[in-house]
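The next block holds one structure in the form of structure tokens; read it before the comments.
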Amino acid sequence: MKKILVSECLYGGRIVRYDGGDKAETNPIFVKWKEEGRLIPVCPEVFGGLPTPRPDSQRVGDKVIAKTGQDVTSEYTKGAEEALRLAKENDVVCAIMKQDSPSCGSKHIYDGTFTDTKIEGQGLAVEYLRNAGVKVFAEEDMEAAAAYVAEHDKQ
């Protein structure tokens, strides 16, 4: 049974989001995978040493900047490296990551102006995963992820 890397805020059970909120995924496909023990939860921000809650951060080019103005690129980089290490260690078939995050966004991220403006882009951890050949899905693409996993389970 192939493993799947997932954003820990989607996995649920531990508060890791910057705002202290909860975004646990309830899609039946995801819940089934969780029950099967397939999911490997990761929170790159927490892995990088950032607290919960923490100031909102957004990706600006190659940097990640907190709303306070602090450059948190090194923490995000450390977390992205740890997420990639766990993906490799567990030989994951793919990843399902939280959309819009400066770490985990796979289609869109916030533009760095802190005005709720989204742009096409990817978070730092997703960039690391994709550069290593890991297929990444957003949580709204669960059916596509399920088809991808089913195909690779046959191999």
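The main-chain N or O of Pro51 is found under 3.5 Å from a side-chain atom of Arg54 such that the two form a donor-acceptor pair. Although no hydrogens or angles enter the test, the distance criterion places no donor-acceptor pair under 3.5 Å between the side chain of Ser7 and the main chain of Cys9. With hydrogens and angles disregarded, no donor-acceptor distance shorter than 3.5 Å links the side chain of Gln58 to the backbone of Val64. Put simply, the side chain of Gln122 never gets that close to the backbone of Cys104: no donor and acceptor are under 3.5 Å apart.
Within the 4.5 Å cutoff, the side chain of Ile4 has no heavy atoms near those of the Ile40 side chain. Put simply, the side chain of Tyr18 does not reach to within 4.5 Å of the side chain of Ser57, judged on heavy atoms. Contact annotation: the side chain of Lys98 never approaches that of Ser103 to less than 4.5 Å [non-hydrogen atoms, C-beta and beyond]. The shortest side-chain heavy-atom distance between Arg38 and Asp153 falls under the 4.5 Å cut-off. For the pair Gln99/Glu140, a side-chain contact is recorded, criterion being any heavy-atom separation below 4.5 Å from C-beta on. With contacts defined as side-chain heavy-atom distances shorter than 4.5 Å, the pair Lys118/Asp100 qualifies. Residues Tyr148 and Glu151 have side chains not in contact (no heavy-atom distance under 4.5 Å, counting atoms from C-beta outward). Side-chain contact check for Thr52 versus Arg17: every heavy-atom pair is 4.5 Å or farther apart.
Hydrophobic clustering (ILVMFWY, side-chain heavy atoms < 4.5 Å, transitive): Val136 and Val42 are in one cluster. Hydrophobic clustering places Ile29 together with Val93 (ILVMFWY residues linked when any side-chain heavy atoms are closer than 4.5 Å, directly or through intermediates). A chain of hydrophobic side-chain contacts below 4.5 Å, direct or via other Ile, Leu, Val, Met, Phe, Trp or Tyr residues, connects Val149 to Phe30. Hydrophobic clustering places Leu84 together with Val92 (ILVMFWY residues linked when any side-chain heavy atoms are closer than 4.5 Å, directly or through intermediates). Under a hydrophobic clustering in which Ile, Leu, Val, Met, Phe, Trp and Tyr are joined whenever their side-chain heavy atoms come within less than 4.5 Å, directly or via other members, Met97 and Met142 fall into different clusters.
For the atom pair NZ (Lys88) and CG (Leu86), the distance works out to 11.5 Å, reported to the nearest 0.5 Å. For the atom pair Leu50 CG and Glu75 CD, the distance stands at 5.0 Å (nearest 0.5 Å). To the nearest 0.5 Å, atoms CH2 (Trp33) and CD (Glu25) are separated by 10.0 Å. Summarising the geometry, atom CD1 belonging to Ile15 is positioned 11.0 Å from atom SG belonging to Cys43; distances are rounded to the nearest 0.5 Å. The OG1 atom of Thr73 sits 8.0 Å away from atom CG of Leu124, with the distance rounded to the nearest 0.5 Å. Note that the NZ atom of Lys2 and the CD atom of Glu36 stand 14.5 Å from one another [nearest 0.5 Å].
Seen from the ring of Tyr11, Lys34 counts as a face-on cation partner, given the 6.0 Å and 45° thresholds. Remark: Lys135 is positioned above the aromatic ring of Phe137, its terminal NZ or CZ atom under 6.0 angstrom from the ring centre and at most 45 degrees off the axis.
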Full working for side chain to side chain contact (heavy atoms under 4.5 Å, CB included) between Phe47 and Lys78: CA-CA 7 Å; Phe47 288 170; Lys78 181 180 174 188; over 6 Å; no
Determine, stepwise, if the pair Lys63 / Asp71 fulfils side chain to side chain contact (heavy atoms under 4.5 Å, CB included). CA-CA 7 Å; Lys63 295 192 175 293; Asp71 183 337; 3.5 Å; yes
Evaluate the side chain to side chain contact (heavy atoms under 4.5 Å, CB included) criterion for residues Leu5 and Val134: first the C-alpha distance (whole Å), next the side-chain angles of each, then the deciding distance (0.1 Å), finally the verdict. CA-CA 10 Å; Leu5 196 77; Val134 177; 5.9 Å; no
Starting from the C-alpha separation in whole Å, work towards a yes-or-no answer on side chain to side chain contact (heavy atoms under 4.5 Å, CB included) for Thr77 and Tyr128. CA-CA 9 Å; Thr77 299; Tyr128 274 57; 3.2 Å; yes
Please assess Arg85 against Glu81 for the test salt bridge (charged side-chain N to carboxylate O under 4.0 Å, His left out), listing each intermediate value before the final yes or no. CA-CA 6 Å; Arg85 185 191 72 74; Glu81 290 168 348; over 6 Å; no
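The residue from Asp141, Val126, Ile96 that alone fulfils the side chain to side chain contact (heavy atoms under 4.5 Å, CB included) condition with Ser106 is Val126.
Closest heavy-atom contact between Ala87 and Leu129: CB-CD2, 3.8 Å. In terms of heavy-atom proximity, Pro44 sits nearest to Ala125 at CG-CB, 3.6 Å. Minimum interatomic distance between Asp111 and Ile119 (heavy atoms only, all atoms of both residues): CB-CG2, 3.7 Å. Ile109 approaches Arg59 most closely through the heavy-atom pair CD1-CB, 3.8 Å. Of all the heavy atoms in Gly112 and Val60, the pair that sits closest is CA-CG2, 3.7 Å. In terms of heavy-atom proximity, Ala66 sits nearest to Val72 at N-CG2, 4.1 Å.
A 6.0 Å sphere centred on CD of Glu120 holds no more than 12 heavy atoms belonging to other residues, nucleotides or ligands. Shown here is Asn131, whose CG atom has more than 12 heavy atoms of other residues, nucleotides or ligands within 6.0 Å.
Side chain to side chain, Thr115 and Thr117 meet the donor-acceptor criterion of an N or O pair below 3.5 Å.
At a threshold of 4.0 Å, the pair Arg14-Glu8 counts as salt-bridged, since one of the basic side-chain nitrogens sits closer than that to a carboxylate oxygen.
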